[in-house]
Amino acid sequence: MATTERPPSTGRLRAWMLEGLSDLAKQHPGPHAEPEPAHKGQRWWRVMCLTGVDYFSTLGYQPGIAALAAGLLSPVATIVLVVVTLAGALPVYRRVAEESPRGEGSIAMLERLLSFWKGKLFVLTLLGFAATDFLITITLSAADASTHLVENPHLTEALQGKQMLITLFLVALLGAVFLKGFLEAIGVAVALVGIYLLLNVVVVITGLWHVITAGHVITDWSGALTTEHGNVFVMIGVALIVFPKLALGLSGFETGVAVMPHVQGDPGDTDERPAGRIRDTKKLLTTAALVMSCFLITTSFITTLLIPEREFKPGGEANGRALAYLAHEYLGNAFGTVYDVSTIAILWFAGASAMAGLLNLMPRYLPRYGMAPHWARAVRPMVIVFTLVAFLVTWIFDANVDKQGGAYATGVLVLIGSAAIAVTIAARKAGQRGWTLAFGAISAVFLYTTVVNVIERPDGVKIGACFIVGIMLISLLSRLARAFELRVTHVTLDPMAERFVRDMAHRRIRFIANKPGRRDKAEYRDKAEQIKADNDIPTQEDFVFVEVTVTDPSEFEAGLTVRGEVLHERYRVLTLESASIPNALAALLLHVRDATGCTPHIYFEWTEGNPFANFLRFFLFGQGEVAPVTREVLREAEPDRERRPRVHTG
C-alpha cells in the first residue's frame with residue numbers, strides 16, 4: 001500500500017519560522033522598497049493615536065516616578081519637563097518630519113551625514129540605544145500593567161507576590177501575538193487612546209475638585225515646599241537638577257515620526273515633496289505634545305497633593321500606579337477597576353507598538369549593511385529573540401518599574417539628543433543661522449540631560465552598551481559570513497561595453513584584471529605581456545582590461561554599471577565602480593557568461609604581502625586578496641564547476 005511521505009517536523013517548523021517577511025515591513029517599507037503613494041493613509045489624528053499608545057501610556061507610571069524623583073517639587077519639575085517638551089523636543093521633531101518625510105527618523109538623517117564605516121558604526125550605536133528604548137518600553141509597560149493588576153483591591157490577595165510571573169506572561173503573550181502575525185491596528189489604537197484619555201480626564205477633574213474644595217491641601221503643600229526649599233529660585237534650581245529623572249515624559253516623539261507613512265496628506269503630494277503629509281505630521285506631533293503636557297502638569301499636581309508621600313515608595317499602594325490609586329480612592333473600586341483595565345490594555349498595546357518598532361527598525365538598516373543573517377528578514381525568529389531578551393531584562397530588573405526608569409530614560413534621551421544634533425547640522429547646511437543656534441542650544445540641553453542621567457543612573461547606558469556590543473558582534477560575524485556573496489543586485493553595460501562583449505563572444509573571452517595607475521600606453525602593454533608570459537598564452541591572443549574603482553567599501557550591495565572605452569587607440573578597457581573589487585568582477589563574469597553563452601576567463605597577478613592582512617583589506621576596504629576571493633565568490637554563486645567562469649593567477 002502506497003503511503004505519502006510527510007516532511008520531517010523539523011522541516012515544517014523551519015518553513016513556518018522563516019515564512020515570509022514581516023507584515024510590518026509592508027507597512028513600513030525599507031529604503032530599497034517602493035514607497036506607497038503619499039496621498040494614501042489615515043487622518044493625522046487617527047495616526048496620532050497609534051503613537052499615542054506609547055506616548056500617552058506613560059501616564060500610568062510618570063506621576064509616580066516624578067513624585068519619587070522630586071518629592072513635593074514634582075509639579076514644578078514637571079513644568080520644566082513640559083517647557084523642554086514644547087520648546088525643545090517638539091521643534092526638533094517638527095524639523096525631523098521635514099527632513100525625513102518617509103518615516104526613517106533622525107537615525108537616517110545622521111546616516112546620510114556620515115559616510116563609510118564611521119557612519120555605519122554610528123548608526124549601529126544608535127540602533128543599540130533604540131533597542132534599549134523599545135525593549136525597555138516592552139518590559140516596563142508589562143511591569144506597570146502587572147502592578148495595576150496586583151494592586152487592584154479585587155485581585156490583591158490572589159496575585160500578591162506574583163508580579164514577576166504576570167510580567168513574564170504579558171511579555172510572552174505579546175510575543176505569541178507576533179508569532180501568529182500582527183498588523184498595526186489604528187482603529188484599536190484610537191479606541192484605546194480615546195477611552196484611556198477620557199478616564200484620565202475624569203480622574204483629573206475629580207482630583208482638582210478635591211484639591212480646590214479642601215483648601216488646606218494647597219496651603220499645606222506650599223508651606224512644606226517653602227520650608228524645604230526656601231524660595232522660588234532654589235525650587236527652580238532643584239527642579240532643573242532632578243529634570244533628567246523625569247525624562248520618561250519625553251517618550252513618543254521618535255515613534256511620532258516613524259508613523260509618518262500612515263498619514264494621509266494631500267492628493268497632490270509627491271514622493272519627493274509630500275507637503276500635506278509633512279504638514280499633518282506636524283499637527284500630529286504638536287497636538288500630542290500639547291495634550292500630554294496638560295496631563296503631565298495636572299496629574300503631577302493632584303497626585304503630589306492628594307497622595308501621601310509614603311505611598312509612592314516601593315511597596316506603597318501608589319508606586320507605579322498613582323492615578324489608579326486616586327481613581328480607586330475618590331471614585332470607588334468599580335470605576336478604579338475600569339481604569340485599571342484601560343491602563344493595562346494601553347500599556348500592553350504600548351509594548352506591541354514597541355515590538356513593531358523593533359521589527360521595523362532592525363531590518364531597515366542591518367540587511368543593507370550585510371550585517372544581519374538571512375533569517376533576520378523573517379519576523380518569527382526575530383520575535384523569539386526579542387522576547388527572550390525581554391525575559392532577561394525583566395528578570396534583571398525584577399519586574400520593577402522604578403528600576404527600569406533609568407534605562408528607559410537613557411534610550412529616550414539618546415534618541416532625542418541625536419535628533420537634535422541631526423537637525424542642527426541640517427540647519428547649518430541649509431544656511432539657517434538662527435535655527436542653527438536654536439537647535440544647537442537644544443542639543444546642549446539634551447546632551448547635558450543625557451550625561452546627568454547616565455551618571456546618576458548608569459543602568460541605562462550599561463543595558464545600552466550590552467545591546468550595542470551584541471549588535472556589533474552579530475553584525476561583524478554576519479558580514480564575515482556573507483563576505484563571499486555576490487552582493488550585486490544588477491549589471492548594466494553601456495553600448496561600448498556591450499560591443500566589446502559581442503566581439504569577444506566570437507572567440508575565447510579573456511579579461512585582465514588591472515589596478516589602474518597612470519593609465520598610459522606602457523601600463524597596458526606591460527600588463528598584457530606579463531599576463532601572457534605568466535600563463536603561457538600565445539602572443540596573438542587578445543584581451544579586454546577590467547578596472548574596478550572602490551567607492552564606499554562599507555556598503556554591502558548595489559547595482560553595477562559597466563562602461564567601455566578605448567585607450568591609446570588600441571586597448572579596450574571596461575571600468576566599474578563598486579564597494580568591493582572581487583564581488584564586482586565575479587558579477588561581471590557571470591553576466592557576460594549568461595549574455596553570451598560562453599565561459600569567460602579572467603587573469604590576475606598574485607597579491608604581494610601577508611594573506612591575512614590582505615583579507616582584512618578586502619573585508620574593510622573592498623580590495624586586497626582579489627584573485628582567490630573572486631574565485632570563492634564565483635564558487636558560491638555558481639556551484640556547477642563546468643559553468644563557472646575560469647580564474648587564472650600567475
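Worth saying up front: this structure is predicted, and the values here are computed from it rather than measured.
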Q: Could you walk me through whether Lys532 and Glu529 pass side-chain contact (heavy atoms from CB on, under 4.5 Å), step by step?
A: CA-CA 5 Å; Lys532 289 176 182 179; Glu529 290 177 355; 5.8 Å; no
Q: For Thr649, check side chain to side chain donor-acceptor pair (under 3.5 Å) against everything at least two apart and list the hits.
A: none
(Q) Listing request: all salt bridge (Lys or Arg N to Asp or Glu O under 4.0 Å) pairs with a residue in residues 626-637, at least two apart in sequence or in separate chains. (A) Glu632-Arg635
Q. At their closest point, which heavy atom of Thr424 faces which heavy atom of Gly440, and how far apart are they?
A. OG1-N, 3.5 Å
Q. Mind checking whether Val123 and Leu110 have side chains closer than 4.5 Å, heavy atoms only?
A. no
Q | Separation of Ile136 CD1 from Thr410 OG1 (nearest 0.5 Å) | A | 9.5 Å
Q | Check: His591 and Val501 side chains under 4.5 Å, non-hydrogen atoms | A | no
Q | Student check: side-chain heavy atoms of Val257 and Leu285 closer than 4.5 Å | A | yes
Q. At their closest point, which heavy atom of Ala579 faces which heavy atom of Thr551, and how far apart are they?
A. N-OG1, 3.9 Å
Q. Please walk me through it: do Ile509 and Thr599 pass side-chain contact (heavy atoms from CB on, under 4.5 Å)?
A. CA-CA 7 Å; Ile509 301 175; Thr599 301; over 6 Å; no
Q: Output the distance between atom CG (Leu415) and atom CZ (Phe129), rounded to the nearest 0.5 Å.
A: 9.0 Å
(Q) Ignoring hydrogens, what is the shortest heavy-atom contact between Pro582 and Val629? Give both atom names and the distance. (A) CB-CG1, 3.5 Å
Q.
For Asp266 versus Gly276, what's the shortest heavy-atom pair and its separation?
A. OD2-CA, 3.4 Å
Q. Can you find a pair of side-chain heavy atoms, one from Val92 and one from Phe253, that are under 4.5 Å apart?
A. no
(Q) Applying side-chain hydrogen bond (donor to acceptor under 3.5 Å, both in side chains) as the test, list every pair that has at least one member in residues 432-441; sequence neighbours left out. (A) Arg95-Gln432
Q) Do the side chain of Thr132 and the main chain of Gly128 share a donor and acceptor less than 3.5 angstrom apart? A) yes
Q. Is atom CZ of Arg519 surrounded by more than 12 heavy atoms (other residues, nucleotides or ligands) closer than 6.0 Å?
A. yes
Q.
Using side-chain heavy atoms (C-beta onward) and a distance below 4.5 Å, is Arg643 in contact with Asp594?
A. yes
(Q) Distance check, rounded to the nearest 0.5 Å: Tyr571 atom OH versus Glu565 atom CD? (A) 14.5 Å
Q. Should Asn583 and Ser578 be marked as a side-chain contact (heavy atoms from CB on, under 4.5 Å) after you check the CA-CA gap, both sets of side-chain angles, and the distance that decides it?
A. CA-CA 8 Å; Asn583 306 77; Ser578 176; 5.6 Å; no
Q: Look up atom CG in Leu634 and atom CZ in Phe484, then write down how far apart they are to the nearest 0.5 Å.
A: 12.0 Å
Q.
Suppose we screen for ring pair (Phe, Tyr, Trp, His ring centres under 6.0 Å). Which residues come up paired with Phe500, at least two apart in sequence or across chains?
A. none
Q) So how far is it from Arg510 CZ to Ile602 CD1, rounded to the nearest 0.5 Å? A) 12.5 Å
Q: List in chain and number order the residues that pass ring pair (Phe, Tyr, Trp, His ring centres under 6.0 Å) with His648, two or more places apart in sequence or in another chain; answer none if no residue qualifies.
A: His601, Tyr603
(Q) When you compare the side chain of Thr549 with that of Thr575, does any pair of heavy atoms fall below 4.5 Å? (A) no
(Q) Which residues pass the side chain to side chain donor-acceptor pair (under 3.5 Å) test with Asn514, not counting sequence neighbours? (A) Glu523, Glu547
Q: Just grab all the ring pair (Phe, Tyr, Trp, His ring centres under 6.0 Å) pairs involving residues 411-433, residues at least two apart or on different chains.
A: none
Q) So which pairs with a foot in residues 567-581 pass salt bridge (Lys or Arg N to Asp or Glu O under 4.0 Å), sequence neighbours left out? A) Asp503-Arg572, Asp542-Arg572
Quiz: residues 490-497 side-chain donor-acceptor pairs under 3.5 angstrom, not counting sequence neighbours:
residue: Asp494; atom: OD1; partner: Met496; partner atom: N; Å: 3.3
residue: Asp494; atom: OD1; partner: Ala497; partner atom: N; Å: 2.7
residue: Asp494; atom: OD1; partner: Gly564; partner atom: N; Å: 3.2
residue: Asp494; atom: OD2; partner: Gly564; partner atom: N; Å: 3.3

Q.
Among residues at least two apart in sequence or on other chains, which ones pass side chain to side chain donor-acceptor pair (under 3.5 Å) with Thr387?
A. none
Q) Is it true that Lys515 and Glu605 make a salt bridge, defined as a side-chain N closer than 4.0 Å to a carboxylate O? A) no
Q) Which pair of heavy atoms, one from Val626 and one from Leu585, lies closest together, and at what distance? A) CG1-CD1, 4.0 Å
Q) Can you tell me how far the CD1 atom of Ile416 sits from the OG atom of Ser443, to the nearest 0.5 Å? A) 11.5 Å
Q. With side chains defined as the heavy atoms from C-beta onward, is the minimum distance between Arg644 and Arg593 less than 4.5 Å?
A. no
(Q) Can you give me the closest heavy-atom contact between Ala97 and Thr281, atom names plus distance? (A) CB-CG2, 4.1 Å
Q. Can you tell if the side chain of Phe439 reaches within under 4.5 Å of the side chain of Arg428, non-hydrogen atoms only?
A. no
Q: Kindly write out the residues that satisfy salt bridge (Lys or Arg N to Asp or Glu O under 4.0 Å) with Asp520, not counting sequence neighbours, or none if the list is empty.
A: Arg518
Q: Begin with the C-alpha distance, continue with both residues' side-chain angles, and end with the deciding distance and a verdict on side-chain contact (heavy atoms from CB on, under 4.5 Å) for Ile537 and Phe543.
A: CA-CA 11 Å; Ile537 299 174; Phe543 299 91; 4.0 Å; yes
Q: Return the set of residues passing side chain to side chain donor-acceptor pair (under 3.5 Å) with Ser100 (not counting sequence neighbours), or none when no residue passes.
A: Glu104
